[in-house]
Amino acid sequence: MWPGIIKAYPEFYHYENERHIVTLLEGNTPLIPAPRLAEKINPKISLYLKYEGLNPTGSFKDRGMTMAVSRAVEAGSGAVICASTGNTSASAAAYAARAGIRAFVVIPEGKIALGKLAQAMIHGAKVVKVLGNFDEALKVVRQVSDDYPVTLVNSINPYRLEGQRSAAFEICDGLGEAPDFHALPVGNAGNITAYWAGYKAYRDAGKIGSLPKMIGFQAEGAAPIVRGYPIEQPETVATAIRIGNPASWKKAEAARDESGGLIDMVSDAEILEAYRMVSAVEGVFCEPASAASIAGVIKKNKEGLFLGGERIVCTLTGHGLKDPDNAINVSTQPESCDPAVTCEPVMRKVLDVLGL
Ligand code: F0G
């Protein structure tokens with residue numbers, strides 16, 4: 001049985017006492033080949049989707065949270081706190097529940113997807129909404145965790161990034177080597193940092209011979225790294241990455257530069273198009289922020305970045321079910337009819353769509 005990332009990678013994760021491990025058996029997510037999507041983008045590339053939506057709380061955050069909460073428990077902490085655009089709070093709430101400790105989550109009012117809020121609430125976290133954005137929420141929780149005995153579990157907690165490296169290990173295990181390019185959305189910039197550290201650790205352990213180029217994508221309205229200055233009022237439909245001053249800004253730049261990669265931005269329209277496309281063409285449902293990775297690959301392909309023959313992995317960071325509102329908004333709306341009266345409207349629709 002898959003034991004969760006800490007026990008699955010004993011070479012990379014040390015623990016003193018097994019009893020302190022808090023796990024929901026996160027990790028081991030599928031690396032799904034996406035040939036139909038590749039066919040649409042560029043038939044000469046091989047595309048894979050690292051579907052992180054299949055983690056226990058529906059996002060990649062669980063990989064970091066198992067580490068951060070385990071270490072908090074080991075240190076005798078009775079509570080964790082985080083700021084979040086939604087997924088971190090869902091994960092922190094679940095892992096705190098699992099550990100039997102308290103969770104406090106601070107979220108930007110009105111700007112988190114419904115499923116994520118539901119998760120934090122049902123797991124019993126104390127949820128505080130701030131009339132501000134993620135960056136302001138992060139300032140608040142940093143201060144509180146400095147002054148009070150609560151453990152900060154945002155990605156500035158180093159254990160978070162250590163845990164998130166495991167996705168890179170799994171990709172290399174799956175492919176037998178590192179991909180040529182690794183595309184992912186960039187928000188607070190922890191994940192791109194963690195993946196890069198993961199690939200380097202795997203190379204240093206002799207498990208892979210080469211490293212990928214890291215290609216990160218921000219949303220146009222929340223692209224501080226691309227523009228080179230913090231964004232006071234970040235705005236994007238991809239609320240998960242609605243961040244104007246990323247905590248791991250410098251580390252993400254280092255990942256970009258050391259790997260020979262890039263960090264660029266994509267528009268909300270491009271994100272939503274990629275979001276709809278991967279769902280419709282591959283049957284893989286992710287949240288809008290996740291689709292920034294695919295939107296980025298589409299953009300870079302048009303610019304001629306890929307010559308053919310490359311293996312490209314896109315991380316799909318969160319499950320589409322977290323954000324039903326956006327899915328419904330970008331889709332064709334259902335038609336109503338009364339089958340008790342006649343089935344003809346339904347039949348006509350079938351004939352119409354199938355061109356019969
Ligand atoms: N994709 C999703 C679905 C996310 O939830 C996040 C970040 C990212 C991408 C960006 O990752 O911050 O490591 O660059 N969500 C955080 C949260 C900020 O609070 O849940 P990053």
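These numbers come from the heavy atoms of this one structure, side chains and all, not from hydrogens, waters or symmetry mates. We're numbering straight along the sequence, starting at 1. We count ligands from 1, going down the list as the structure has it; atoms in each ligand are counted the same way. As the structure is a prediction and not an experimental result, all values here were calculated from the model.
Residue contacts with ligand 1: Phe134 is placed with no nitrogen or oxygen under 3.5 Å of a nitrogen or oxygen of the ligand (distance criterion only). Considering backbone and side-chain N/O of Pro185, none are found under 3.5 Å from N/O of ligand 1.
Annotation: side chain of Tyr15 is not in contact with side chain of His20 (no heavy-atom distance under 4.5 Å).
In this structure, the protein non-hydrogen atom closest to atom 5 (O) of ligand 1 is Asn87 ND2, 2.8 Å. The protein heavy-atom contact nearest to atom 2 (C) of ligand 1 is Thr317 OG1, 3.3 Å. Closest to atom 11 (O) of ligand 1, if we only count protein heavy atoms, is Phe60 CZ, 3.5 Å. Among all protein heavy atoms, the one lying closest to atom 20 (O) of ligand 1 is Thr88 N, 2.8 Å. Annotation: atom 4 (C) of ligand 1 to nearest protein heavy atom, Ala240 CB, 3.5 Å. When only non-hydrogen protein atoms are considered, atom 12 (O) of ligand 1 lies nearest to Asn188 N, 2.7 Å. Among protein heavy atoms, the minimum distance from atom 15 (N) of ligand 1 is reached at Lys61 NZ, 2.9 Å.
The main-chain N or O of Ala113 is never found under 3.5 Å from a side-chain atom of Asp323 such that the two would form a donor-acceptor pair.
Between Ser59 and ligand 1 there is no heavy-atom distance shorter than 4.0 Å.
Each of the atoms 15 (N), 16 (C), 17 (C), 18 (C), 19 (O), 20 (O) of ligand 1 lies under 4.0 Å from some heavy atom of Thr85. When each atom of ligand 1 is checked for a heavy atom of Ser84 under 4.0 Å away, the hits are 17 (C), 19 (O), 20 (O). Every atom of ligand 1 is numbered from 1 in the order shown, and the set under 4.0 Å from a heavy atom of Asn191 is 13 (O), 21 (P). Atoms of ligand 1 found under 4.0 Å from any heavy atom of Gly190, numbered from 1 in the order shown, are 13 (O), 14 (O), 21 (P). If you number the atoms of ligand 1 from 1 as listed, the ones under 4.0 Å from a heavy atom of Ile243 come out as 18 (C). Listed by atom number, the atoms of ligand 1 under 4.0 Å from Glu287 heavy atoms are 3 (C). Within ligand 1, counting atoms from 1 as listed, the ones closer than 4.0 Å to a heavy atom of Val186 are 14 (O).
Under 4.0 angstrom from ligand 1, there are no non-hydrogen atoms of Leu184. When non-hydrogen atoms are compared, ligand 1 lies under 4.0 Å from the backbone of Ala189 (N, CA, C, O) but not from its side chain.
Considering every non-hydrogen atom in both Val141 and Ala83, the closest pair reads CG2-N, 3.7 Å. Of all the heavy atoms in Ala178 and Cys172, the pair that sits closest is CA-SG, 4.1 Å.
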Practice prompt. Report the C-alpha separation of Gln218 and Ile263 in whole Å, then their side-chain angles, then the decisive distance to 0.1 Å, and conclude whether the side chain to side chain contact (heavy atoms under 4.5 Å, CB included) test is met.
Written response: CA-CA 7 Å; Gln218 301 195 293; Ile263 297 179; 4.2 Å; yes

Worksheet item: Run the side chain to side chain contact (heavy atoms under 4.5 Å, CB included) check on Thr315 and Phe60 step by step: do they pass?
Response: CA-CA 9 Å; Thr315 298; Phe60 71 97; 5.5 Å; no

Fill in: Trace of the ring pair (Phe, Tyr, Trp, His ring centres under 6.0 Å) decision for Tyr202 with Phe12
CA-CA 9 Å; Tyr202 236 41; Phe12 299 93; 5.5 Å; yes

Worksheet item: What do the steps show when you test His319 against Tyr51 for side chain to side chain contact (heavy atoms under 4.5 Å, CB included), and what is the final call?
Response: CA-CA 8 Å; His319 203 290; Tyr51 194 23; 3.3 Å; yes

Item to complete: Evaluate side chain to side chain contact (heavy atoms under 4.5 Å, CB included) for Asp180 paired with Ile312, printing each intermediate quantity in order.
Response: CA-CA 6 Å; Asp180 299 300; Ile312 305 167; 5.9 Å; no

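Note on Lys207 versus Glu11: salt bridge recorded, some NZ/NE/NH1/NH2 to OD/OE distance being below 4.0 Å. Contact check on Arg36 versus Glu39 returns no salt bridge, with no Lys/Arg side-chain nitrogen under 4.0 Å from an Asp/Glu carboxylate oxygen.
Classified by interplanar angle (parallel below 30°, tilted 30° to 60°, perpendicular above 60°), the ring pair Phe169/Tyr13 is tilted.
When the heavy atoms of Ile241, Asn154, Leu316, Ile107 are ranked by distance to atom 8 (C) of ligand 1, first place goes to Ile241.
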